[in-house]
Each structure stands twice: as structure tokens, then as C-alpha cells.
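Okay, structure first, notes after.
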Amino acid sequence: MQPLRTWTRSPLARIARVVLGSPRVAMVVGQTVHLSGATRAQFLADAEWVAHEQVHLRQYREHGLLSFLWKYLVESARVGYYHNRYEVEAREEARRVVLANPTHVLVPLPRHARP
């Protein structure tokens, strides 16, 4: 597996952070994880968060940049962010990854990600 490419203080992630009302955001565009409100070290220290974003990296590889962006935006407009099938898949996979590690402590979902 190749190292994760990150962009800290990303303007795109900053916009998402404001829209979501979240203190920290990671979002994937292409093969780069854009961060706002968190350092690269803070992001990499959170196994659940990294696993979630790795699912999005895989989704981009499978669908292609423009195709995935379009599908993601249409799905979000149709059912909302929380119920977006790409977000559901990422949350479920992230939980599987951390539950496989018996020493990991699950943290509550952020406010914007609660049903």
C-alpha cells in the first residue's frame, strides 16, 4: 500500500467543515485526503478515520475522478449526506477495521454524521 497523500489546511476541506459545522474534516478528492481542523499526525493517529477515507480512495480508483464526484453529488442530493451509499460503505468499513482491533476505543460519530 502506498503512503496516503494529504493536504493539510485544504480550502476545499475548510468549506466542507463550515458547511457541516464540524471542528475537523477529512475529504478525498482524487487520490488526496484534504484536511481542515486536523494535522496529518492527528488524522493518521485515528485508525477509524483513516479507514473511512481509504474507502473513499478506493471508490475514486474504481469509478474514476469525474464519475465518482458526479455519482457522490447526485447520491447526496437524492438521499442526503448521512444516507449517501458511499458514506454508508465508508462508515461500515471503518467500523469493521476498528472492531477487528480489540484495543481500539470507538468514539461517538460526529454530530453531522448521526442519523
Side-chain angles (χ1 to χ4, degrees):
M1 178 188 297
Q2 55 183 292
L4 286 172
R5 288 189 342 205
T6 57
W7 179 352
T8 56
R9 294 188 218 159
S10 163
L12 292 174
R14 174 74 177 135
I15 292 167
R17 196 172 125 201
V18 170
V19 169
L20 294 171
S22 179
R24 62 184 200 157
V25 162
M27 64 182 283
V28 173
V29 178
Q31 292 303 303
T32 302
V33 180
H34 293 248
L35 301 169
S36 180
T39 65
R40 177 180 167 81
Q42 289 168 324
F43 169 69
L44 293 175
D46 188 329
E48 187 172 359
W49 201 10
V50 171
H52 179 103
E53 299 309 325
Q54 284 179 324
V55 171
H56 292 314
L57 289 165
R58 178 185 48 76
Q59 291 166 339
Y60 269 101
R61 283 191 305 274
E62 288 174 357
H63 298 280
L65 176 70
L66 295 178
S67 178
F68 180 70
L69 279 173
W70 176 253
K71 290 175 183 179
Y72 185 95
L73 292 172
V74 168
E75 180 75 2
S76 290
R78 192 174 67 79
V79 298
Y81 169 80
Y82 185 79
H83 297 291
N84 177 322
R85 65 182 161 168
Y86 302 106
E87 286 300 325
V88 170
E89 178 185 7
R91 280 195 309 274
E92 288 174 354
E93 178 61 22
R95 289 288 170 161
R96 275 194 290 278
V97 166
V98 298
L99 288 173
N101 177 354
T103 63
H104 186 81
V105 177
L106 290 174
V107 295
L109 289 171
R111 183 181 44 142
H112 69 273
R114 293 183 190 139

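Taking the side chain as every heavy atom from C-beta outward, V25 and R14 never approach each other to under 4.5 Å. Two residues are said to be in side-chain contact when any heavy atoms from C-beta on lie closer than 4.5 Å; D46 and R24 meet this criterion. Between L44 and W49, every side-chain heavy-atom pair lies at or beyond the 4.5 Å cut-off. Two residues are said to be in side-chain contact when any heavy atoms from C-beta on lie closer than 4.5 Å; Y60 and Y72 fail this criterion. In this structure, V29 and M27 have side chains that are in contact, with non-hydrogen atoms separated by less than 4.5 Å.
Every residue meeting the salt bridge (charged side-chain N to carboxylate O under 4.0 Å, His left out) condition with E75, not counting sequence neighbours, appears here in chain and number order: R78, R85. For R9, there are no side chain to side chain donor-acceptor pair (under 3.5 Å) partners two or more places apart in sequence or in a different chain. Scored by the side-chain contact (heavy atoms from CB on, under 4.5 Å) test, V19 finds I15 as partners (sequence neighbours excluded). Applying the side-chain contact (heavy atoms from CB on, under 4.5 Å) rule to T6 yields the partners V33, L35, R40, F43; only residues at least two apart in sequence or on another chain are considered.
Hydrophobic clustering of Ile, Leu, Val, Met, Phe, Trp and Tyr side chains at less than 4.5 Å, counting indirect connections, keeps V55 apart from L99. In this structure, V50 is a member of the same hydrophobic cluster as Y86, with clusters built from ILVMFWY side-chain heavy atoms closer than 4.5 Å. Linking ILVMFWY residues whenever their side-chain heavy atoms come closer than 4.5 Å, directly or via other members, leaves L12 and L73 in distinct clusters.
When atom types are taken as modelled, the side chain of R95 and the backbone of A90 share no donor-acceptor pair closer than 3.5 angstrom. Side chain of Q42 to main chain of T39: a donor-acceptor pair is present (N/O by atom type, distance under 3.5 Å, no hydrogens or angles). Checking side-chain atoms of R17 against main-chain N and O of P23 turns up a donor-acceptor pair under 3.5 Å.
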Applying side-chain contact (heavy atoms from CB on, under 4.5 Å), run through E89 and R58 and close with a yes or a no.
CA-CA 11 Å; E89 178 185 7; R58 178 185 48 76; 2.3 Å; yes

How far apart are the C-alpha atoms of Q54 and L4, what are their side-chain angles, what is the distance that settles it, and do they pass the side-chain contact (heavy atoms from CB on, under 4.5 Å) test?
CA-CA 9 Å; Q54 284 179 324; L4 286 172; 4.2 Å; yes

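How far CG of L57 is from CD of E62: 11.5 Å, rounded to the nearest 0.5 Å. Distance check: E87 CD to Y82 OH gives 10.5 Å after rounding to the nearest 0.5 Å.
Other residues sharing the hydrophobic cluster of V74, ordered by chain and number and joined by side-chain separations under 4.5 Å: W70.
Applying the ring pair (Phe, Tyr, Trp, His ring centres under 6.0 Å) test to every pair with at least one member in residues 6-33, sequence neighbours left out, gives these pairs: W7-H34.
Taking the six-membered ring where the residue is Trp, H52 and H56 present perpendicular rings, their angle passing 60° and hence far from 30°.
The shortest non-hydrogen separation linking S10 to S36 is O-CB, 4.3 Å.
With V28 as the partner, the side-chain contact (heavy atoms from CB on, under 4.5 Å) test is satisfied by one option alone out of E53, Q59, R5: E53.
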